[in-house]
Amino acid sequence: MPFSVATWNINSVRLRMSLVERFLREHQPDVLCLQETKCPDDLFPYEAFHALGYAHIAVSGQKGYHGVATISRRPLDGVERKGFCNIVDCRHLSAVVPVGVRRLRIHNFYVPAGGDEPDPAINPKFAHKLGFLEEMKAILADTGDGCSSMLLGDLNIAPLETDVWSHKQLLKVVSHTPVETEGLEFVRHIGGWSDLIRHHITPEQKVFTWWSYRARDWDLSDRGRRLDHIWGSPDLETDLASVTVLREARGWERPSDHVPVIAHFNL
DNA sequence: ATGGTGGTCATACCA
């Protein structure tokens, strides 16, 4: 049975609802995980999603900052919102999607960006990011309940050398410092997760999902990073059909600085 | 070494 899931840091769902609608019409993923919705739950644009056939929506939003939402054409069961680092940020949402005889738990994450200075001693935002990673080690691919699992979202870290435009020039830049890249890889390994984007696109090949707003010509300079991820329990590796990074969406009118990433499965 | 752009919510804060 074909099944697809997408992740997209939308940077304000209300401002960019027309882009979301275009994406859903053109790609029709079964499940869309949004980050940085910047939208309180009571103001979420439910109706626009319902009109496109997405009847099942779980949100964890707050005013102005952060916020995640999981939008689905199939029922969502067992919705959970985890808190991290004793801060009331809306950065996680999980739900279980029944697909045929199988059940798929989908964790939607928005990891803290971490500020500019990569030193936890002087930058509380970076300390928060490292603390968040520490607590993410508890999110396991196999929880023994018979579900396959996915962990996806804006993890704000580009772990591999080919996940950034210049490994050497970004080694001291937040998102690609060794403490972050090694930390994220540890979270992934200890949780038993497979990096599904890299399962489909070899590590030799550069892949980016984010390009800064500050570049004069993002497309020409191509100084991107792979900050958005799709991880899965190892059983999903054999079910994975393809992964699409929708680079063209960065060139849409008034774009997000992140683009959608879609994983297609045969479950 | 610096500033570059964009969103939120009304003034700086965050990315």
Side-chain angles (χ1 to χ4, degrees), chain A residues 7-23 33-45 48 59-69 83-85 87-92 108-120 122-133 136 152-159 163-166 168-177 179-181 184 208-229 247-261:
Chain A
T7 180
W8 194 7
N9 177 319
I10 194 62
N11 187 17
S12 175
V13 67
R14 284 176 288 173
L15 187 70
R16 293 189 224 288
M17 197 57 212
S18 61
L19 300 188
V20 178
E21 288 170 332
R22 173 177 178 181
F23 171 69
C33 294
L34 295 174
Q35 302 87 33
E36 276 206 277
T37 52
K38 298 185 175 178
C39 182
D41 293 351
D42 56 331
L43 297 178
F44 196 84
V59 294
S60 178
Q62 65 188 86
K63 184 175 166 181
Y65 304 105
H66 322 312
V68 291
F84 291 80
C85 305
I87 296 174
V88 286
D89 273 355
C90 297
R91 297 184 178 275
H92 170 268
N108 180 358
F109 266 98
Y110 176 49
V111 173
D116 288 332
E117 185 56 55
D119 180 353
I122 60 173
N123 175 10
K125 289 186 217 165
F126 197 70
H128 180 209
K129 187 176 196 175
L130 298 183
F132 197 98
L133 283 181
M136 275 182 81
L152 49 79
D154 177 6
L155 306 186
N156 266 316
I157 297 172
D163 291 336
V164 292
W165 64 275
S166 169
K168 210 174 151 185
Q169 284 171 264
L170 288 171
L171 270 170
K172 292 180 179 173
V173 173
V174 171
S175 74
H176 194 62
T177 65
V179 66
E180 293 169 87
T181 58
L184 189 68
F208 309 142
T209 65
W210 171 91
W211 293 262
S212 171
Y213 283 126
R214 297 175 188 178
R216 285 202 189 89
D217 185 333
W218 71 272
D219 198 17
L220 184 66
S221 60
D222 200 20
R223 296 186 169 191
R225 305 176 200 170
R226 183 172 74 110
L227 302 180
D228 303 275
H229 296 264
R247 181 183 172 110
E248 64 172 73
R250 186 62 178 79
W252 290 353
E253 188 79 20
R254 288 254 267 171
S256 169
D257 45 356
H258 295 251
V259 298
V261 185

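Basis for what follows: all heavy atoms, side chains included, without hydrogens, waters or symmetry-related copies. Residue numbers start from 1 in every chain, and the chains themselves are labelled A, B, ... in the order their sequence lines are given, proteins ahead of strands.
- On the C1' atoms, B:dA15 is 15 Å away from B:dG3, given to the nearest whole Å.
- Taking only side-chain nitrogens and oxygens, A:Lys63 never comes nearer than 4.0 Å to OP1 or OP2 of B:dT8.
- A donor-acceptor pair under 3.5 Å is absent between the side-chain atoms of A:Thr37 and the main chain of A:Ala69, judged by distance alone.
- Looking at which nucleotide of DNA chain B each of A:Tyr213 and A:Gly115 is closest to, the 5′-most match is held by A:Tyr213.
- B:dA10 and B:dC14: their C1' atoms are spaced 15 Å apart (whole Å).
- Per the geometry, CG belonging to A:Asp116 stands 13 Å off P belonging to B:dT2, to the nearest Å.
- Few gaps surround CG on A:Asp42; more than 12 heavy atoms of other groups in view lie less than 6.0 Å from it.
- Of the possible polar contacts, none joining the A:Asn11 side chain to the A:Glu36 backbone as a donor-acceptor pair under 3.5 Å is found.
- Between A:His66 and A:Tyr110, the two ring planes are tilted [angle within 30° to 60°].
- Judged purely by atom type and a 3.5 angstrom limit, A:Lys129 has no side-chain atom pairing as donor or acceptor with the backbone of A:Glu180.
- For DNA chain B, the neighbouring residues in residues 12-19 of chain A, judged by any heavy atom under 4.0 Å, are A:Ser12, A:Leu15, A:Arg16.
- With the 3.5 Å cutoff on both pairing distances, Watson-Crick and G-U pairs in DNA chain B assemble into runs of at least 3 at B:5-8 with B:12-15.
- Remark: A:Arg250 does not engage A:Asp222 in a salt bridge, criterion side-chain N to carboxylate O under 4.0 Å.
- Within the 3.5 Å criterion, the main-chain N or O of A:His258 finds a donor-acceptor partner in the side chain of A:Trp8.
- A close approach under 4.0 Å does occur between a side-chain nitrogen or oxygen of A:Arg254 and OP1 or OP2 of B:dG7.
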